[in-house]
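Notes follow the structure.
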Amino acid sequence: MVLDITGGDEDTVRVVLAALDEHWATSGVDPVRRDPGEPGVRARIYADGLRPGRHSL
């Protein structure tokens, strides 16, 4: 699955991405980006909801 995460700031988005990475097998923390004229920041993560993450074993 593909998850697009939007948050108010880069630190918040990175915390969410790291938490997802703990629970599911993911593509890891992708670069966080700002879209011109849009509030906040965005990032995309690819996750396998069927496989546990690093600390879920």
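The figures here come from the full heavy-atom set of this structure, side chains too, leaving out hydrogens, waters and symmetry mates. Just so it is clear, the model here is predicted, and its values are computed rather than measured.
With Ser27 contributing its side chain and Tyr46 its backbone, the two residues share a donor-acceptor pair below 3.5 Å.
Nearest heavy-atom pair across Pro31 and Ala43 is O-CB, 4.0 Å.
To the nearest 0.5 Å, atoms CG (Leu20) and CD1 (Ile45) are separated by 5.5 Å.
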Contacts table for residues 2-12: side-chain donor-acceptor under 3.5 angstrom, sequence neighbours left out:
{"unit_1": "Asp4", "atom_1": "OD1", "unit_2": "Arg44", "atom_2": "NE", "d": "2.7"}
{"unit_1": "Asp4", "atom_1": "OD1", "unit_2": "Arg44", "atom_2": "NH2", "d": "3.2"}
{"unit_1": "Asp4", "atom_1": "OD2", "unit_2": "Arg44", "atom_2": "NH2", "d": "3.1"}
{"unit_1": "Asp9", "atom_1": "OD1", "unit_2": "Asp11", "atom_2": "N", "d": "3.1"}
{"unit_1": "Asp9", "atom_1": "OD1", "unit_2": "Thr12", "atom_2": "N", "d": "2.8"}
{"unit_1": "Asp9", "atom_1": "OD1", "unit_2": "Thr12", "atom_2": "OG1", "d": "3.0"}
{"unit_1": "Asp9", "atom_1": "OD2", "unit_2": "Thr12", "atom_2": "OG1", "d": "3.2"}
{"unit_1": "Glu10", "atom_1": "OE2", "unit_2": "Arg14", "atom_2": "NE", "d": "3.2"}
{"unit_1": "Glu10", "atom_1": "OE2", "unit_2": "Arg14", "atom_2": "NH2", "d": "3.2"}

